[in-house]
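Structure first, commentary second.
Quantities reported herein were computed from a predicted structural model and do not represent experimental measurements. Chain letters run A, B, ... following the sequence lines, proteins first, then strands; residues in each count from 1.
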Amino acid sequence: MTDVRVRIAPSPTGDPHVGTGYVALFNYAYARRHGGKFLLRIEDTDQQRSSRESEEAIMRSLRWLGLDWDEGPDVGGPHGPYRQSERAQIYREHAKMLVDKGAAYRCFCTPERLAELRTHQRENKLAYGYDGHCRGLEASGEADKRAAAGEAHVVRLLMPDEGETVLDDQLRGEVRLPNSEVDDQVLLKSDGLPTYHLANVVDDHLMKISHVIRAEEWISSAPKHLRLYEAFGWQAPRFVHLPLLRNADKNRSKISKRKNPVSLEYYRDIGILPHAMVNFLALLGWSFGDDIEKFTLEQMVERFDLVKGSVNLTGPVFDLEKLAWLNGKYLQELDDEQLADAFVAWRVNRDFLVKLAPLFRERIRKLDELMPQATYFFCGDIDYTQIEAPLLPKNRTPKETRELLGKLVDKLDTLRSFEVEPLEELFREFCEESGWKTRDVFMLTRLIVTGRKASPPLFDTIKLVGRDRVRRRFRLAIEHLKTVKAPS
RNA sequence: GGCCCCAUAGUCUAGCGGUUAGGACGUCGGCCUCUCACGCCGAAAUCCGGGGUUCAAGUCCCCGUGGGGUCACCA
């Protein structure tokens, strides 16, 4: 067998996702089990959404989990750079190679035309996808002319219209996908940067990746990737598609922040220990055997493998209750000193108290008043059946309040920086848009975030409680409102 | 909707043709105990449906059904 080299390739476009941790864990375990290498590659080709903060947060979270990589943007390695934005030239050259070979072509269609195409296809219930409008432009020489004239264009993969592509998944066996379902994917965007499809194939090849272990959602685009390997004349790596983590809702949809906390930072913030998190993630789809559920990463590595039947393919529900139970097991085996250290590392520390100090200086007369007042900065979920006032402004129905809150959380999610000023601006703008009184929205928010009618300044409070817990509390409050009857 | 993936209790799973279908979370009951928690004991609860193959099917095959994913100049 060739040397095992696997990678986790997160896109730094948001919070460090539990799904990233999950896939990283299985990649890591596979690499370690087979004495191979585990790499981290940052897929930051979406200039609009990628950020350096997100990249750093992802690295921090993966390290927190103990999933160290052998090669990556920060540690270097023989196949760098490991950040795709720094490899733009490589992709451009490879895109050109494909065009020269006739495996790809330049496309000058405007976004407007593509939008029209889509509407037309939807309205007439036609198959979706690009219609190949620019396919003939290379042969006629028109593509050269228009490109030379500076006309904006992308590079598309020329996908066969007929036949099928066979994906030999290491866990699932042969998956046959009709080529007619796959359209001419954009490989190089008009900004000159590649899409995932091109970048991932080029990098996996150049970085000598032996096994692409990724989530199930990629199965349907695998033919594009396989076609690319073929067009380049490269040997494709083995593919392993892991199941998708699910929400605990009725439908079991793929895990999403609207329904379930997804940020690894959230779990760290509510005091989940990294070993417990890793252990729990491993339990989703994989089992240690011998009816043993609690094990270390090292023990997992000894037994882990990716062959048919070794991983369950049903999308597992991310069960917070079981996570909490497991975490409790880990906490129990700490001695007094270690447990004290855990408290300190978590939140009972000087750094956090320094942040608390300005909020409570004027609100306490004796030091002993701090803790009773500041409970909501330390706790996770709030029980809305036990709070000081109902979550219902005067003359508002539970239904309209729920809808309002739903819009508020969505808007909150668009906020890049969770700082006091932007928060206040966002809330005031929101009140303006919705027509609700600021006092109602602010009090509602205060009750949701703190469970109290009185708190330090709202936006300072929101900031310090943090995005993930705030979102979670809003979601719980919305759920709670479903059980509230309108006062008659 | 097309294509693809998946299917053991509410949840996570064991099972790899013959088992009283095992374990864990959660739930319920009991024990322990100053309370709570831990711990211990116990209970209820599962093979999606229908056809095959076979002496024998949760296990293999097919068809349904259900759920999910995907159909972007996002990954």
Side-chain angles (χ1 to χ4, degrees), chain A residues 9-14 17 19-20 42-50 84 107-111 114-115 117-118 121-122 124-130 152-156 164-165 167 169 171-183 185-200 214-224 241-255 280-294 308-326 328-329 331-333:
Chain A
S11 175
T13 52
H17 201 280
T20 303
I42 298 295
E43 307 232 346
D44 57 349
T45 56
D46 183 341
Q47 294 205 282
Q48 309 302 317
R49 300 195 304 149
S50 297
Q84 292 187 330
C107 166
F108 300 84
C109 292
T110 61
L114 296 175
L117 180 67
R118 260 191 291 278
Q121 286 167 339
R122 191 172 42 241
N124 296 286
K125 294 188 176 171
L126 297 166
Y128 299 145
Y130 183 63
H153 61 274
V154 301
V155 173
R156 281 183 190 274
E164 62 178 16
T165 300
L167 165 69
D169 188 281
L171 239 29
R172 297 161 198 262
E174 289 192 353
V175 178
R176 317 183 86 88
L177 302 130
N179 291 334
S180 56
E181 292 298 317
V182 187
D183 70 342
Q185 179 63 46
V186 170
L187 299 176
L188 206 61
K189 300 179 275 186
S190 54
D191 64 3
L193 288 176
T195 58
Y196 168 83
H197 307 283
L198 208 219
N200 130 351
R214 63 192 351 176
E216 187 183 358
E217 55 190 333
W218 294 106
I219 290 180
S220 56
S221 55
K224 297 169 185 174
H241 290 92
L242 262 18
L244 248 16
L245 263 24
R246 309 289 182 95
N247 293 311
D249 64 346
K250 187 146 193 319
N251 295 329
R252 305 284 124 98
S253 48
K254 114 173 148 177
I255 199 166
F280 176 69
L281 253 14
L283 250 19
L284 303 177
W286 187 75
S287 73
F288 188 81
D290 302 337
D291 288 334
I292 292 170
E293 297 210 278
K294 185 167 172 297
K308 271 193 193 180
S310 60
V311 174
N312 240 307
L313 297 174
T314 312
V317 169
F318 195 90
D319 182 359
L320 297 164
E321 272 301 319
K322 186 146 184 178
L323 206 210
W325 165 80
L326 227 206
K329 297 290 242 186
L331 251 19
Q332 272 185 54
E333 65 184 26

Which side-chain N or O atoms in residues 314-323 of chain A pair as donor and acceptor under 3.5 Å with protein atoms at least two apart or in another chain?
residue	atom	partner	partner atom	Å
D319(A)	OD1	E321(A)	N	3.0
K322(A)	NZ	E293(A)	OE1	3.3
K322(A)	NZ	E293(A)	OE2	3.1

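- To the nearest whole angstrom, the two C1' atoms, one in C73(B) and one in G69(B), are 22 Å apart.
- If you check every strand for non-hydrogen atoms under 4.0 Å, S253(A) touches sugar and phosphate atoms only.
- One interatomic measurement links the two molecules: CG of D290(A) to C1' of A24(B), which rounds to 14 Å at whole-angstrom precision.
- The shortest distance between the side-chain N/O atoms of K224(A) and the OP1/OP2 oxygens of C71(B) is not below 4.0 Å.
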Check your understanding: What string of B, S and - do you get for nucleotides 6-16 of chain B, 5' to 3', if B is base contact, S is sugar-phosphate-only contact and - is no contact with any protein heavy atom under 4.0 Å?
Key -> SS---SBSS--
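- Every salt bridge (charged side-chain N to carboxylate O under 4.0 Å, His left out) that K294(A) has, sequence neighbours left out, goes to E333(A).
- Which of C5(B), A24(B), A75(B) sits closest to the side chain of W325(A) comes down to A24(B).
- At a threshold of 4.0 angstrom between heavy atoms, the contacts of Q332(A) are confined to the sugar-phosphate backbone, with no base atom among them.
- Residues satisfying the ring pair (Phe, Tyr, Trp, His ring centres under 6.0 Å) test with W218(A), not counting sequence neighbours, are Y196(A).
- Among the atoms of the strands shown, none is found under 4.0 Å from any heavy atom of P223(A).
- Contact annotation: K254(A) reaches the phosphate of U70(B) (side-chain N/O to OP1 or OP2, under 4.0 Å).
- Comparing the C1' positions of C16(B) and G58(B) gives an interatomic distance of 11 Å, to the nearest angstrom.
- Rounded to whole Å, the separation between the P atoms of U19(B) and C12(B) comes to 26 Å.
- D249(A) pairs by the side chain to side chain contact (heavy atoms under 4.5 Å, CB included) definition with N247(A), N251(A), S253(A), K259(A), not counting sequence neighbours.
- Contact annotation: K189(A) reaches the phosphate of C74(B) (side-chain N/O to OP1 or OP2, under 4.0 Å).
- Between the CG atom of L117(A) and the P atom of A72(B) there is a distance of 10 Å, given to the nearest Å.
- Within the 4.0 angstrom heavy-atom criterion, no nucleotide atom of any strand lies near S180(A).
- Per the geometry, CG belonging to L198(A) stands 14 Å off C1' belonging to A75(B), to the nearest Å.
- When the nucleotides A75(B), C73(B), A24(B) are ranked by their closest atom to the side chain of W218(A), A75(B) comes out on top.
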Check your understanding: Would V186(A) and R156(A) count as a side chain to side chain contact (heavy atoms under 4.5 Å, CB included) if you check the C-alpha gap in whole Å, the side-chain angles of each, and the deciding distance to 0.1 Å?
Key -> CA-CA 4 Å; V186(A) 170; R156(A) 281 183 190 274; 3.7 Å; yes
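- Side-chain atoms of S190(A) come within donor-acceptor range of the base of C73(B), with a qualifying N/O pair under 3.5 Å.
- Put simply, CG on D191(A) is 12 Å from P on C73(B), counting in whole angstrom units.
- For E164(A), the side chain to side chain contact (heavy atoms under 4.5 Å, CB included) criterion is met by V166(A), R176(A), not counting sequence neighbours.
- Here the P atom of nucleotide A75(B) and the CZ atom of R214(A) are 13 Å apart, to the nearest Å.
- The distance between atom NE2 of H197(A) and atom P of U70(B), rounded to the nearest whole Å, is 12 Å.
- One C1' atom belongs to G29(B), the other to U8(B), and the distance between them is 26 Å to the nearest Å.
- The main-chain N or O of Q84(A) is never found under 3.5 Å from a side-chain atom of E43(A) such that the two would form a donor-acceptor pair.
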